[in-house]
Protein chains: 2
Amino acid sequence: MTSAVRRSDATRAAILVAARERFASDGYERATIRAIAADAGIDPSMVMRYYGNKEKLFAAAAEFDLQLPDAAGIPADQLGATLARHFLQRWEGDETLTALLRAAATNEAAAERMRSLFGDQLLPVAAAACPDPADAPRRAGLVASQMLGLALCRFVLRLPPVVAMTADEAAAWVGPTIQRYLTSATSA
Amino acid sequence: MTSAVRRSDATRAAILVAARERFASDGYERATIRAIAADAGIDPSMVMRYYGNKEKLFAAAAEFDLQLPDAAGIPADQLGATLARHFLQRWEGDETLTALLRAAATNEAAAERMRSLFGDQLLPVAAAACPDPADAPRRAGLVASQMLGLALCRFVLRLPPVVAMTADEAAAWVGPTIQRYLTSATSA
DNA sequence: AAGCGATGCCAACAGCTGTTGGCAAACGCT
DNA sequence: AGCGTTTGCCAACAGCTGTTGGCATCGCTT
């Protein structure tokens, strides 16, 4: 039936978990269907049956909601720090974002997903927060550059001093940057 | 002889150019020896003869000098803007950095090279510029997070609003961030 | 002109990749 | 109990990968 719980749902879920781990640690091309299937304890052909092909498996594994807070509910001068903390928390609690970031460096579909992630989810927050809505894309892009760069150094490149910081320390440093990108009158 | 100009030097150089292009646009795993050789107009086996294997070829192609200016020669309050402009110029004029960045997302050797690039070249500048030398690694790491994030969004992910900015506009926005990471008394 | 190293290409290898089709066992319904 | 559907594994495929060894050719030295 359509809405009933199928016996294979557990397998489907196990595949997704294994896929996120592999994509996060190896990137798109080095994460093989065989390795993902082995991690999930099943045969590679099951992955194909349930997800069609590798691209669709990645699309399913990289589905993600940033769950950004509503800008309206936050004091205007706290927006940068709040967003910075939220980003780091979201990143640390879910491998999906690391998988997406690693894959996006070499896979065009993943890059496109990253672009739409920021277009659909970050841009509205920037538009609500910045003085001139016409500036919103640029400001959102700058916020993205800082947050993605922090994630890159911390979770992908693992630059020691960036890894050594606590999430709160990192947010305290980066918060004012985000704040300025969102709300400063000018760039100078 | 050792110091004479060999006939194969042109081939060696052509391989390196083709390798940088492929590594920059495709990343480490999707850049194949065959494709690089075809771009260079020679046989794949020549690549092996001259560079040993793919890893060593990448190591040769990813050799890079940031050519950072001496912090002593720059007014202290201009350091952020100067560094930001320098980074962007360096990035735009040479595919090597994009190759290194793309590859570093999925290849551990490339990531290690990226780490040592910032350890050897950026850290000294930060140490010379920041108030307390004990803070230098962290401050250099923060600078790296912003500059690499900008490069990621502009050259790898190609986020439209980040691509649309001129180098000077981008440097004007990011400069104060770098400045604060290097010289601010505290993070708050 | 003869010899020799440097330069280049061709063909092939073993291994891994995504992907497919067929067949056995388990399950759920009547 | 019997039957159709679901779930799973096995074996194999065609293609691509890095890498290797052998053989022709070019160019310089003597």
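Owing to the predicted nature of the structure, the values given are computational and were not obtained by experimental measurement. By convention in this document, chain letters (A, B, ...) are assigned in the order of the sequence lines, proteins followed by strands, and residues within each chain are numbered from 1.
Rounded to whole Å, atom C1' of C:dA12 lies 15 Å from atom CE of B:M48. A:D9 has its CG atom 13 Å from the P atom of D:dT6, to the nearest Å. The CD1 atom of A:I33 sits 21 Å away from the P atom of D:dC13 (whole-angstrom rounding). Rounded to a whole Å, the CD1 atom of B:I15 is 13 Å from the C1' atom of C:dC9. For the pair A:I42 CD1 and D:dC10 C1', the interatomic distance rounds to 14 Å; values are reported in whole Å. Atom P of nucleotide C:dG22 and atom CG of A:D43 are separated by 16 Å, given to the nearest angstrom. Counting to the nearest Å, the C1' atom of D:dG8 and the OH atom of A:Y50 are 8 Å from each other. One atom, CD1 of B:I36, and another, P of D:dT19, lie 11 Å apart when rounded to the nearest Å.
Contact check on B:R154 versus B:E92 returns a salt bridge, with a Lys/Arg side-chain nitrogen under 4.0 Å from an Asp/Glu carboxylate oxygen. Look at B:E108 and B:R115 and you find a salt bridge, because one of the NZ, NE, NH1 or NH2 atoms lies within 4.0 Å of a carboxylate O, short of that distance.
Considering only side-chain atoms of B:T32, the nucleotide from D:dC10, D:dG18, C:dT19 that sits closest is D:dG18. In the set C:dT19, D:dG18, C:dG8, the nucleotide with an atom closest to the side chain of B:K54 is D:dG18. You'll find that the side chain of B:N53 is closest to D:dT19, out of D:dT19, D:dC10, C:dT20. Residue A:T11 has its side chain nearest to D:dG8 when only D:dC10, D:dG8, C:dC10 are considered.
If you check every strand for non-hydrogen atoms under 4.0 Å, B:Y51 touches nothing. Nucleic acid contact class of A:A31 (heavy atoms, under 4.0 Å, all strands): sugar-phosphate only. Across all strands, B:S45 comes closer than 4.0 Å to base atoms (heavy-atom distances).
With hydrogens and angles left out, the side-chain atoms of B:D43 and B:S45 include a donor and acceptor closer than 3.5 Å. Of the N and O atoms on the side chains of A:R102 and B:T106, not one donor lies less than 3.5 Å from an acceptor on the other residue.
Between A:R34 and A:R49, the one whose closest nucleotide on DNA chain D sits nearer the 5' end is A:R49.
Taking the six-membered ring where the residue is Trp, B:W91 and B:F155 present parallel rings, their angle staying beneath 30° rather than reaching 60°.
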